[in-house]
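In each ligand, atom 1 is the first atom listed, and ligand 1 is the first ligand listed. In this chain, residues are counted from 1 in sequence order.
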Amino acid sequence: MDFTVRIFILQIFKYRRPPAVLRNSETRKQMNYKISNGKILLTGPDRLETAERDLYILDGRISFGPAGLPEESFEVVDAARHLVMPGLINMHTHAYMTLMRNYADDVGFDEWLFKRVMPVEDTLPLEGAYWGSLLACMEMIRTGTTTFMDMHMFRGQSCRAALETGMRAWIGRGLVGEDLYGDGLSRFRQGLEEQAEYECGRIRFTLAPHAIYSCGPKLLEQVAREAADRGMRKQIHLSESDNEVNDALRKYGKTPVALLRDTGFLDEKTILAHCVKMRGDDIAIIKEAGATVVTNPASNAKLGNGFAPLQDFLDAGIQVCLGTDGTCSNNTLNMFREMGLVSLIHKAIHRNPVTAPADTVVRMATANAGRALGLAGELGVIAEGGLADLIFLDLDAPSMFPVNNPVSALCYSACGSEVDSVMIDGSFVMRKGEYTSIDAER
Ligand code: NI
């Protein structure tokens, strides 16, 4: 590891030991709110649309009426001149990596992963992963993300950060090895232990084999069986670089996608990050399995891996979501930047301004993810009975004004700084720009 980075990290731990317990929104008293005067982003029959109407928040759920309760049982939130929309869902990241922001830039994928990132991970203390994860949650909340899917290498640290900050998360301990009950066992056990310790309404768990080049086929088969038995979702990095695909073809005589199919890994509960290098029947195989693709345009571009064939996925009817990947390869967790980028990249590639329109992109960052997580109509949408994960954007912000088309503004104009309040599970975690669940100074 770079000597100065090591010293920097050690300094952090020396002086900033985390306290045992922060305020935890799971135990915070739940308020009922009436959100008035806002412009609400709703799912219309064909496209997203906005309407001016009141929203009621009861027990962490959205209602379009007071559900028989007297009006005075709701605290009124004045959302005048604000767009109220579902919180963004970052479907692929590594929160702990935030301490490595701008640490390994302008290098190729293999050098980035094997020579720069992995050596740091090997020496990063557990508390480092905690502070990195907490910082990630701060950035995500600040820029309107309310849910993230995390693959981590440090037991319990992203769980702690999500629990303490009030974020919603699907978390998986990164697995590697040939045999889940042999060389993969200690990591698998760690994942199950943290699930037993932290699983709650907001925090759920996935099984997360790292990739086909770090996990053998036997382990992938075992993970697929364990996930089916436990009713868990699975996440994996897939076909991210040319080397990964070429090595798989040499070693197994098939693409990484075909390998996953043949190990029984691909199904409707499988979440595939990247899918940049699709060959042969790969796209048809993913469609057939009903798996979800998470595209990470900034990370793929920055590491020189290229871009995923987004239009082909959409044409095939595959469910596509959006992720930032970790801060060491992006280098932000800002989903607004990711939305703008994915649209612009694919318009440019296809030389077609109709490709990846704003409506499609906003759904990738919201409703599609809710569906992929088994919460269609509850997560990533504003709907009766839906989970109250909402963000409030200031429509008078210079970057948004004048809002001639709110959905376009979200994709092409917003940069995240317009988000001034964030509610997750019916509780505010940021209000008028101030964190309510995080001591930022600390
Ligand atoms: Ni990743």
Side-chain angles (χ1 to χ4, degrees), residues 89-105 107-122 124 129 132-133 136 139-140 145 147-154 157-158 169-176 187 191 206-215 220 223 233-245 256-257 260 265 270-277 291-308 320-335 337-338 341-342 364-365 369 372:
I89 303 175
N90 184 351
M91 281 291 279
H92 179 69
T93 191
H94 312 275
Y96 71 92
M97 288 183 108
T98 304
L99 280 192
M100 289 186 257
R101 197 196 304 269
N102 302 324
Y103 157 68
D105 296 335
V107 295
F109 179 69
D110 286 350
E111 185 185 341
W112 176 83
L113 181 62
F114 298 113
K115 293 191 182 154
R116 305 294 297 275
V117 171
M118 284 182 167
V120 173
E121 286 180 347
D122 288 345
L124 187 67
S133 302
E139 186 186 356
M140 286 191 274
T145 291
T147 296
F148 66 103
M149 176 163 286
D150 195 62
M151 184 192 290
H152 72 81
M153 300 293 163
F154 295 89
Q157 303 313 302
S158 53
W170 269 256
I171 290 171
R173 172 65 167 102
L175 304 171
V176 297
R187 285 168 177 244
T206 64
L207 292 181
H210 173 262
I212 62 120
Y213 53 84
S214 45
C215 298
L220 295 169
V223 168
R233 286 183 153 65
K234 307 178 284 299
Q235 52 165 319
I236 190 168
H237 296 103
L238 188 67
S239 299
E240 184 174 0
S241 68
D242 280 322
N243 282 353
E244 175 183 343
V245 177
V257 174
L260 280 197
F265 194 86
T270 309
I271 291 154
L272 306 169
H274 301 300
C275 298
V276 175
K277 309 291 181 182
T292 292
V293 168
V294 181
T295 189
N296 301 267
S299 173
N300 298 150
K302 183 161 177 286
L303 289 170
N305 285 325
F307 46 86
V320 185
C321 302
L322 197 58
T324 59
D325 210 351
T327 326
C328 195
S329 62
N330 185 307
N331 297 358
T332 90
L333 300 171
N334 184 340
M335 286 286 284
R337 191 182 83 145
E338 216 67 31
L341 200 56
V342 78
M364 282 164 54

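Between the Asp325 side chain and the Ser299 main chain, no donor and acceptor come within less than 3.5 Å of each other. Using a distance-only test at 3.5 Å, with no hydrogens or angles considered, a donor-acceptor pair links the side chain of Thr206 to the main chain of Ile171.
Between Asn296 and Glu240, the side chains place no donor N or O within less than 3.5 Å of an acceptor N or O (distance only, hydrogens not considered). Residues Thr98 and Thr327 bring a donor and an acceptor atom of their side chains to less than 3.5 Å of each other. Counted by atom type alone, Ser158 and Asp150 present one or more donor-acceptor pairs between their side chains at under 3.5 Å.
Counting only distances under 2.8 Å, and ignoring water, the protein N, O or S atoms around the Ni ion (ligand 1) are His92 NE2, His94 NE2, His237 NE2, Asp325 OD1.
For Asn102, the side-chain hydrogen bond (donor to acceptor under 3.5 Å, both in side chains) test picks out Asn331, with sequence neighbours left out.
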